[in-house]
Amino acid sequence: MSPDLEKANAKRQGKAQKVLSNLGVKLQIFKPSGRELWTVVGTDGDFIVDYDSTGRRPSYCSCQDFHFRVLSGTVSECYHLIALKQARAHRQHSTIVFSDEEYEGFLRALLRDVFSRIS
Ligand SMILES: [Zn+2]
């Protein structure tokens with residue numbers, strides 16, 4: 001691994017630790033369907049993160065780092081994904097319960113936030 005890449009990975013680890021200590025990994029559960037939505041509150045806003053621990057589905061994060069550096073193969077994961085995996089492994093996340101009726105509004109507001117940072 002190149003020194004630059006090592007430095008970049010160390011930086012991602014550091015940012016992930018900060019997210020974890022702020023309980024920035026959030027699990028939104030919608031009842032009664034039980035639908036789950038994971039978000040990570042980073043230094044630059046909220047991101048939707050999809051991680052399948054069985055590995056059947058590829059991971060996804062809505063951040064720029066993921067789109068530009070993870071999808072291109074430059075790095076293996078963004079700091080949101082690192083934080084999410086650690087939070088799930090150590091139950092270091094907050095859980096918020098919503099009703100199913102709130103799902104659409106929640107997702108709409110979240111996507112608006114996500115896209116405002118991409119454009
Ligand atoms: Zn990310």
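Note that the structure is predicted; figures quoted are calculated from it, not measured. Remember, it's 1-based here, ligands and their atoms both numbered in the order they're listed.
Atom-to-atom distance recorded for K11:NZ and Q13:CD is 13.5 Å, nearest 0.5 angstrom.
With sequence neighbours excluded, no residue forms a ring pair (Phe, Tyr, Trp, His ring centres under 6.0 Å) with Y51. Judged as a side-chain contact (heavy atoms from CB on, under 4.5 Å), and not counting sequence neighbours, the contacts of S94 are K26.
Between D50 and R57 a salt bridge is recorded (basic side-chain N to carboxylate O distance below 4.0 Å).
If you count the protein N, O or S atoms nearer to the Zn ion (ligand 1) than 2.8 Å, you get 4.
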Under 3.5 Å, sequence neighbours excluded: what are the donor-acceptor pairs made by side chains of residues 77-86?
unit_1: E77; atom_1: OE1; unit_2: K85; atom_2: NZ; d: 2.9
unit_1: Y79; atom_1: OH; unit_2: T43; atom_2: N; d: 3.1
unit_1: Y79; atom_1: OH; unit_2: T43; atom_2: OG1; d: 3.1
unit_1: Y79; atom_1: OH; unit_2: D44; atom_2: OD1; d: 3.2
unit_1: Q86; atom_1: OE1; unit_2: Q17; atom_2: NE2; d: 2.9

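Proximity of the aromatic rings of Y103 and F98 is defined here by a centroid distance below 6.0 angstrom, and this criterion is not met.
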